[in-house]
2 protein chains.
Amino acid sequence: MLDPRRLLVLRAVIRAGSMSAAATELGYTPSAVSQQVATLEREVRTPLLVRHSRGVVPTEAGSLLVEHADVVAGRLTRAADEVADLTALRAGRLRLAAFASAGARLLPGAIGVFRRRHPGVRLSLELREPEDVPDLVREGELDLAITFDYLTGPGDGSAVASGPSVDTEGLTTTWLLDDVVNVALPPHHPALEDAGVSPTDEIDVSTLRDAAWIRDSGQVCREQLVEMCAAAGFTPHVAFDSDDFPMVSGLIESGVGVALVPDLAVHQMGRRVVLRRLRPRLVRRIRALSPPQPSPATAAMLEVLTSRRPA
Amino acid sequence: MLDPRRLLVLRAVIRAGSMSAAATELGYTPSAVSQQVATLEREVRTPLLVRHSRGVVPTEAGSLLVEHADVVAGRLTRAADEVADLTALRAGRLRLAAFASAGARLLPGAIGVFRRRHPGVRLSLELREPEDVPDLVREGELDLAITFDYLTGPGDGSAVASGPSVDTEGLTTTWLLDDVVNVALPPHHPALEDAGVSPTDEIDVSTLRDAAWIRDSGQVCREQLVEMCAAAGFTPHVAFDSDDFPMVSGLIESGVGVALVPDLAVHQMGRRVVLRRLRPRLVRRIRALSPPQPSPATAAMLEVLTSRRPA
DNA sequence: TCGAGCATGAAGCCCAGCTTAACGCCGTAT
DNA sequence: ATACGGCGTTAAGCTGGGCTTCATGCTCGA
């Protein structure tokens, strides 16, 4: 394999027509250029230039090498340009993942803003459950993932000020939104009688001890339901598992049971479903997961996401 | 424009999956590789690798650069290979030029041999008169030219042993053949009576003082005719100029005049044309003209040409 | 005949880029 | 738990490739 630097010197010489001209063009002395060409000729064991009284003319081997050198030089400049495009967000790729309700309610707006700002960046979005996401980000299969976990307790803005932080797994976590979870019931469910008639009245988890549950089939949600009920001192009766909120809505309206429905999904509930806050309060903490050194595109999308979260 | 050497180091790293592996592959220490990658990252102001616990993984910019690096590396090896093909005569080009009668009689056999020996070399042949040829060879437009000049006198093997020589113009001249010139006359031309009846009888130039000449229109031949006659003490009467020997033959047979016809062209004369040697003897000295540093293909063709000349 | 412009060679210098050595980090095996 | 091996990184120092400078030879045009 040839030394690319010498090849580029040869290219300059032949394009310029003389070693001296190439030297001034390259910022060298003619002697340096002459030496470079000479060693290249030694390497390929063939003369590459015929020395003329005014300047030089390429031999057949010289012309051949120059053609290749042109390609090489073109690639080198193209490579630099394209990397510049990448860092300037004029090009590139951003692979997103989110869970279903975030993909439907949280991301479209952010994606719209991002696309308007950086039309050159190719976006992709796939639906992934929170449990799959960290490994994919760590392995570089994803650039940014929207995930969540459950939080019992206040769920106020305690994490708002904390900003991005690197978790134990070497990933950056950025808080986006606290998604309050409701319980969704059929209109005349017994638990409603204990709670009161106002929509703002909360339903105590313990009053759902005998309810039949329609459960989101995502792993995190399944576990959370069991945990919540355990904290209230009972084991839930699971009547149904589904990952589709419209179907959940239909099942509730048919009186099959009750379900946990976060704010981000309430728009998928039918009109006859009754929604109430839970006591103790239950919150889905929605976060963005990103690599510790995010790409420019990842950082830009994070910026969009955090700037759009409600005050 | 990026530094191609660093780019190739990056390529090795990403292909190997770790800096250490790339280092052993390149014959460097891991430290050297790390430093190269680090400076490349500084140059493009972007991380190119994400450092993992076991090895590294390319970032988007890194993958982009590797694609270009692959092309560059491919070109560098291809370039070396193709130059090797050129010097080994597995490829390349040989641009020949010759005057008409050499092209017809001298070259076809040599070209056949050459093609059989070096089928990868592309050959081209154009017809050129001797006066045009030196500049074209000097400028690199031709690789090898067959030319001639006239020689009065013995024309024996005096130049045979001398071999190739560099003439005053910086071109290499290789003697190929001495082409003896005949005079071609109509069957009952008066000059034949002075000479004798035997085909080996020579015709003295002075006996052609009153002849009408059909002259080859090439510049060298035209001048030579005048010079030869001047040496014999007269100026030739030129009746016709032609560069086509069959036509010359027809004109002679029609009794228009006489002509100079070298051995290489006698096969183009009609049966009724009478051919005799001249006194003083006139010889076309046929030579090959080549650049002072001939390409391998040129040298090979010269070898074929000289090895085929009659002993 | 001279001088301008070209390529080249010898000599020397300097820094890019290598090696060595030491360190921190992670994951695994003992 | 602790040790160990493999990873990448850093600092320091050395070496040689590749540059400059200077001098020479060549060709061409004035």
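Bear in mind that the values here come from a model prediction, so they are computed numbers and not experimental data. The chains referred to below are lettered A, B, ... by the order of the sequence lines, with proteins before strands, and numbering in each begins at 1.
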Rounded to whole Å, please give me the gap between [atom1] in [X] and [atom2] in [N].
| X | N | atom1 | atom2 | result |
| --- | --- | --- | --- | --- |
| B:H52 | D:dT9 | NE2 | P | 13 Å |
| A:R42 | C:dT8 | CZ | P | 12 Å |
| A:M19 | D:dC19 | CE | C1' | 16 Å |
| A:L40 | C:dT8 | CG | C1' | 17 Å |
| A:L49 | C:dT8 | CG | C1' | 13 Å |
| A:E41 | C:dA7 | CD | P | 12 Å |
| A:L7 | D:dG18 | CG | P | 14 Å |

Test salt bridge (charged side-chain N to carboxylate O under 4.0 Å, His left out) applied to A:E131 and A:R222, step by step: CA-CA 12 Å; A:E131 60 269 21; A:R222 293 206 316 268; over 6 Å; no
Residue list, side-chain hydrogen bond (donor to acceptor under 3.5 Å, both in side chains) with A:E139, at least two apart or on another chain: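 Partners of A:E139 by the side-chain hydrogen bond (donor to acceptor under 3.5 Å, both in side chains) criterion come out as none, since no residue qualifies.
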All side-chain hydrogen bond (donor to acceptor under 3.5 Å, both in side chains) counterparts of A:E67, not counting sequence neighbours: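 Partners of A:E67 under the side-chain hydrogen bond (donor to acceptor under 3.5 Å, both in side chains) test: none.
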Presence of A:S20 side-chain N/O under 4.0 Å of C:dA7 phosphate oxygens OP1/OP2: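 Yes, within the criterion.
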Salt bridge (charged side-chain N to carboxylate O under 4.0 Å, His left out) evaluation trace for B:R285 with B:D149: CA-CA 5 Å; B:R285 172 146 289 181; B:D149 53 10; 5.8 Å; no
Partner set under salt bridge (charged side-chain N to carboxylate O under 4.0 Å, His left out) for A:E129, not counting sequence neighbours: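 In terms of salt bridge (charged side-chain N to carboxylate O under 4.0 Å, His left out), with neighbours along the sequence ignored, A:E129 is linked to no residue.
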Backbone N/O of B:T29 and side chain of B:S31: donor-acceptor pair under 3.5 Å: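 Checking the backbone N and O of B:T29 against the side chain of B:S31, no donor-acceptor pair under 3.5 Å is found.
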Contact pattern, 5' to 3', of nucleotides 14-20 of chain C - B, S or - by protein heavy atom under 4.0 Å: ---SBBB
Reading 5' to 3' through nucleotides 25-30 of chain D, protein heavy-atom contacts under 4.0 Å coded B for base, S for sugar-phosphate only, - for none: --SSS-
DNA chain C contacts made by residues 56-70 of chain B, counting heavy atoms under 4.0 Å: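 Listed by number, there are none.
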Rounded distance [0.5 Å steps], CG in A:L123 versus CZ in A:F114: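 Separation between the atoms: 5.5 Å.
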Rounded distance (nearest 0.5 Å) linking atom OG1 of B:T87 with atom CD of B:E82: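 Reported value, rounded in 0.5 Å steps: 12.0 Å.
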Shortest non-hydrogen contact from A:L49 toward A:P58: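 So the two residues come closest at CD2-CA, 4.1 Å.
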Closest contact, heavy atoms only, A:A97 versus A:L142: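 Minimum heavy-atom contact is CB-CD1, 3.5 Å.
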Criterion salt bridge (charged side-chain N to carboxylate O under 4.0 Å, His left out) on B:R138 and B:D135, from CA distance to verdict: CA-CA 5 Å; B:R138 231 189 318 276; B:D135 281 344; 3.0 Å; yes
